[in-house]
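Following: one structure in structure tokens, then a few remarks.
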Protein chains: 2
Amino acid sequence: MEKNQVPDIVVARLPLYLQTLKTLENEGAYNTSSKDLGQKLGISAAQIRKDLSHFGEFGKQGTGYSIKYLTECLEEILHVNKTWDMALIGVGFLGHAIVNFQGFYNQGFRIKCVFDSDPNKIGQIVAGFEIMDIKNLEATIKENRIKVAMITVHAENAQEVTEKLINAGVKSILNYAPIVLKVPTGIQVQYINPIIELQHMTYYLE
Amino acid sequence: MEKNQVPDIVVARLPLYLQTLKTLENEGAYNTSSKDLGQKLGISAAQIRKDLSHFGEFGKQGTGYSIKYLTECLEEILHVNKTWDMALIGVGFLGHAIVNFQGFYNQGFRIKCVFDSDPNKIGQIVAGFEIMDIKNLEATIKENRIKVAMITVHAENAQEVTEKLINAGVKSILNYAPIVLKVPTGIQVQYINPIIELQHMTYYLE
DNA sequence: TAGATTGTTAATCGATTAACAATC
DNA sequence: TAGATTGTTAATCGATTAACAATC
């Protein structure tokens, strides 16, 4: 497979390039350069050119990159030139905030269904979604062929939920619970963990 | 300064070690090893020992590490053996969720004050905090000597808020807005951005 | 003692950068 | 044309790993 040749650390930067391109487009710009992107992102121009070179040639000498064209290319590379249906598991305060988040739209994602195990929550409507019983998780995810999920349950339940998700065919998990998930090869997991980020920063404080 | 010698990529892993140690402690364990921690975190035992060796010797041959002692050492290294007061700016759905988040407690952090610019929100009480007018941000943060802040405003306003925070003495910023902040040397910024993480993962999907 | 595991060294591996020919 | 910027190469830089003496 060609994509195995691209280091994951390079792949991880592509969404940042895409984000910056979209900001530039919103500002009304049509063209940019590796130098410009690098300054905005705080990384070197050489690194951006090197990263992009793994996937093809997207620029022109002398004039740089067309924002529109490079955006389209990156969206295709990252497979966000389509919209991925997502499941959300755990409708506490955080899950509630995510369900109400407007920012997925036009970035390749939308929430399709939300689950909780609390009988008091099941059946309630949140931002237009009826909270479903977690007992129906596997059937519903299979039925809708959902490949992407977000976990916002307590740490104690995150591994169990993960296993159900994988059973149901989910391949990519964004985990907000503060625990490292055990998953088989081929399943992607990323973590969102404010405590980790805060503790990283306080190292540098007095 | 001694700490400049430690690569940031090593520092970034320390909070993960701490998280795993706390999970183990909750499970009732007293000792662990680099092998055990590595398996739980999906990294090599050698890397964990190498990382820790930047800061001292915390283990014993044959028996590994005392969970209690290594926890204390890491908390001291990361400066979370005290509690950092934090400011939160932007009380939308996400800000609301963060204010209600119970997980900061005992990890070195607590929210001290919350701000918004919306006249309809100012003065309201959220999880026991009165939402303050962002006009009072600089005075209040100076007064309370707050060094850590979380930004949950819209991307358009994040840079402006950042500059106010830095003016007021904030040194570490956890930014939830999807934009790279421009900050002077010596100011720490970390990002929380689910779209970036999701797009990273869909690269590997069909 | 025998087995386990540390801290550290040196080797390996991989990522970043500087430089430049090509060319818009 | 002159200036700017690409894509790529080779060199540099830094991170990870394997191995092992030390020792609990």
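Throughout, protein chains are lettered first and strands after them, A, B, ... in sequence-line order, and every chain is numbered starting at 1. The shown structure was predicted, so the numbers you read here are calculated from the model rather than taken from an experiment.
- A/K35 comes within 4.0 angstrom of no nucleic acid atom, judged by non-hydrogen atoms across all strands.
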Taking only nitrogen or oxygen atoms into account, show me every contact under 3.5 Å that the protein makes with nucleotides 11-13 of chain C, one pair per line with its distance.
none

Which atom pairs, one a donor and one an acceptor, fall under 3.5 Å between side chains of residues 6-17 of chain B and the rest of the protein, sequence neighbours left out?
residue	atom	partner	partner atom	Å
B/D8	OD1	A/H200	NE2	2.8
B/D8	OD1	A/Y204	OH	2.5
B/D8	OD2	A/H200	NE2	3.4
B/R13	NE	B/D51	OD2	2.6
B/R13	NH2	B/D51	OD1	3.1
B/R13	NH2	B/D51	OD2	3.3
B/Y17	OH	B/D51	OD2	2.5

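- Using modelled atom types, no side-chain atom of B/W84 and backbone atom of A/L198 make a donor-acceptor pair closer than 3.5 Å.
- Taking a pair as Watson-Crick or G-U with both hydrogen-bonding distances under 3.5 Å, the stems of three or more pairs touching DNA chain D are C:3-24 with D:3-24.
- Of the candidate nucleotides C/dT17, D/dT8, C/dT6, C/dT17 has the atom lying nearest to any side-chain atom of A/Q47.
- B/S34 and B/R49 share a donor-acceptor pair across their side chains, judged by distance under 3.5 Å alone.
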Take B/T140 and B/N136 through the side chain to side chain donor-acceptor pair (under 3.5 Å) test and state the conclusion after the steps. CA-CA 6 Å; B/T140 307; B/N136 301 325; 5.6 Å; no
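- Computed from coordinates, the B/N31 CG to C/dT5 P distance equals 11 Å when rounded to whole Å.
- Using modelled atom types, no side-chain atom of B/D85 and backbone atom of B/I146 make a donor-acceptor pair closer than 3.5 Å.
- Closest to the side chain of A/I9, out of D/dT6, C/dT16, C/dT8, is C/dT16.
- One atom, CG of B/D51, and another, C1' of D/dT17, lie 12 Å apart when rounded to the nearest Å.
- Not one side-chain nitrogen or oxygen of B/Y65 sits closer than 4.0 Å to the OP1 or OP2 atom of D/dC24.
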Stepwise, does the salt bridge (charged side-chain N to carboxylate O under 4.0 Å, His left out) test hold for B/E138 with B/K142? CA-CA 6 Å; B/E138 290 176 68; B/K142 276 182 192 165; 5.0 Å; no
